[in-house]
**Q** 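This is the structure I have questions about; it appears just below.
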There are 2 protein chains.
Amino acid sequence: MSTTAALPRVPGRRDEILGIAGELFAERGFTATTVREIADAAGILSGSLYHHFDSKEAMADELVREVLDRVLAAYRRIAAGALGPEPALRALVREAFGAIAADRATVALLVNEWNLFTQVPRFGYLRVLEQETERLWVGVLEHGAAVGVFRADLDARMLYRMLRDAIWVSVRWYRADGPVGPDQLADRYVDVLLTGVRSRP
Amino acid sequence: MSTTAALPRVPGRRDEILGIAGELFAERGFTATTVREIADAAGILSGSLYHHFDSKEAMADELVREVLDRVLAAYRRIAAGALGPEPALRALVREAFGAIAADRATVALLVNEWNLFTQVPRFGYLRVLEQETERLWVGVLEHGAAVGVFRADLDARMLYRMLRDAIWVSVRWYRADGPVGPDQLADRYVDVLLTGVRSRP
DNA sequence: GTCTATATTGAGATAGAC
DNA sequence: GTCTATCTCAATATAGAC
């Protein structure tokens, strides 16, 4: 019973290769990364990659799907929970920066190749997931306005996109292993968003 | 004297082709756009492009340089001007959204291909321009904090990047020919940044 | 300034042996 | 699971005629 005991994350060759591919995609870009480079980095020949994956595209697909599914599931839990508007917003933002910290390479891949991927039929789910995400976040913002916690005169959709763009693109410069942790950065973003930068007497 | 009278923007074949290339780069991505597609869209054959430009890369280079030079020049004027911190910040943000409105395709190209371009030696100036831009914006924010207009406890560099990312990536969804003009959107972003979204009694 | 024709290269992917 | 060997294709770019 011990040999088949585990799904528990023994990385396995396949996942190892996938991780290597993800790092290269993030660093050099998806198109600019060749299957030969991936194979080299994994210590095998390019043809051998195709024992594990159908195509280069399939590798990126798998990376992106996994991260987005996890993030969206977390968003759903937060939006469905009984948190007040501010704690809910804070939890959403923390979740996003948490993903950047936990899956930096994949998030960078997604941010950098968004325009490319959204044109490939295989990645059609990206638009779908994005729409649900927008609904969830906008829901939290509008509810907050409805109960008087957030200003009533705000465009929730614009606000969501402004925040979303600021958060995700931070993957291009933010290092989670530096002095500022992801929750900390999340709180700073939320703080600015909530109270603004104008000094008050 | 009338034949050589003008630099005044007669488009000319070359600029026309460059504009077509820019639209395709923005829409399909730089790498995914082939010189044949550009040539097709311009109504010529791919080889003929090389009468006007050295390479596909050179086309993108020219597009990006022109826009960034113009934007940075405007930033310099604003930062050097005698505006107060809030009007200066507003002017900077308006300038950025103005560029998105005026040169949507080129800004999209730059945002989408940032990771690619910054790895190509030819585009080394991107990092340089970005650094000066950061200095200018951070200078405005820090001056504002020093004179008590902005909160003193803020991380100006983080704030700049947050705002920069939010502004530029909006090129992926914002349409300047829609109901909200660029100055209007700029003012909304600045409004949120200055006063926050928390409702106050 | 554009076309014809083509050189050249480098990519993703496949088949079958080991 | 990896290697050997190779196919196939599409891309950028060039040379010289018109």
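Just so we're clear, the structure is a prediction, and the values are computed from it rather than from any experiment. In the text below, chain A, chain B and the rest are named by the order of the sequence lines, each starting its count at 1.
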**Q** Can you see which heavy atom on Arg90(A) is nearest to which on Leu194(A), and at what distance?
**A**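 Scanning both residues completely, I find the closest heavy atoms to be NH2-CD1, 4.1 Å.
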
**Q** Got a list of side-chain donor-acceptor pairs under 3.5 Å for residues 141-148 of chain B, not counting sequence neighbours?
**A**
none

**Q** What is the distance, rounded to the nearest whole Å, between atom CG of Asp40(A) and atom C1' of dA11(C)?
**A**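 About 14 Å, once rounded to whole Å.
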
**Q** How would you list all residue pairs meeting salt bridge (charged side-chain N to carboxylate O under 4.0 Å, His left out) that involve residues 126-140 of chain B, not counting sequence neighbours?
**A**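 The answer is Arg76(B)-Glu132(B), Glu130(B)-Arg164(B), Glu134(B)-Arg157(B), Glu134(B)-Arg161(B).
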
**Q** At what distance, to the nearest 0.5 angstrom, does CG of Leu83(B) lie from CD of Glu86(B)?
**A**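 Here the rounded value is 12.0 Å.
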
**Q** Does anything in residues 112-120 of chain A come within less than 4.0 Å of DNA chain C? Heavy atoms only, and list the residues if so.
**A**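 When residues 112-120 of chain A is checked for heavy atoms under 4.0 Å from DNA chain C, there are no hits whatsoever.
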
**Q** Pull out every residue in residues 18-28 of chain B that has a heavy atom closer than 4.0 Å to any atom of DNA chain C, ordered by number, or say none.
**A**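 Under 4.0 Å from DNA chain C: no residue of residues 18-28 of chain B.
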
**Q** State which residues pass ring pair (Phe, Tyr, Trp, His ring centres under 6.0 Å) with Phe150(A); sequence neighbours excluded, sorted by chain then number.
**A**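 Result, ring pair (Phe, Tyr, Trp, His ring centres under 6.0 Å) vs Phe150(A): none returned.
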
**Q** Closer than 4.0 angstrom, basic N to acidic O: yes or no for Asp153(A) and Arg151(A)?
**A**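 Salt bridge: yes.
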
**Q** Find every protein N or O atom lying less than 3.5 Å from an N or O atom of nucleotides 16-18 of chain D, and list the pairs.
**A**
none

**Q** Kindly write out the residues that satisfy side chain to side chain contact (heavy atoms under 4.5 Å, CB included) with Arg65(A), not counting sequence neighbours, or none if the list is empty.
**A**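 Residues passing side chain to side chain contact (heavy atoms under 4.5 Å, CB included) with Arg65(A): Asp61(A), Tyr125(A).
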
**Q** Pairs in or reaching into residues 39-50 of chain B: which pass side chain to side chain donor-acceptor pair (under 3.5 Å), with residues at least two apart or in two chains?
**A**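 Not a single pair qualifies under side chain to side chain donor-acceptor pair (under 3.5 Å).
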
**Q** With sequence neighbours left out, write down each residue that passes ring pair (Phe, Tyr, Trp, His ring centres under 6.0 Å) with Tyr174(B), or none if nothing qualifies.
**A**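 None.
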
**Q** Ring pair (Phe, Tyr, Trp, His ring centres under 6.0 Å) with Phe53(A): which residues, sequence neighbours excluded?
**A**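 Partners of Phe53(A) by the ring pair (Phe, Tyr, Trp, His ring centres under 6.0 Å) criterion come out as none, since no residue qualifies.
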
**Q** With sequence neighbours left out, write down each residue that passes salt bridge (Lys or Arg N to Asp or Glu O under 4.0 Å) with Arg14(A), or none if nothing qualifies.
**A**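 For Arg14(A) the salt bridge (Lys or Arg N to Asp or Glu O under 4.0 Å) partners, ignoring immediate neighbours, are Glu62(A).
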
**Q** Between Arg70(B) and Asp103(B), does at least one N-O distance fall below 4.0 Å, as a salt bridge requires?
**A**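 A salt bridge links Arg70(B) with Asp103(B).
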
**Q** Heavy atoms under 4.0 Å is the rule here; annotate nucleotides 1-13 of chain D 5' to 3' with B where the base is hit, S where only the sugar-phosphate is, and - elsewhere.
**A** BBBB-B----BBB

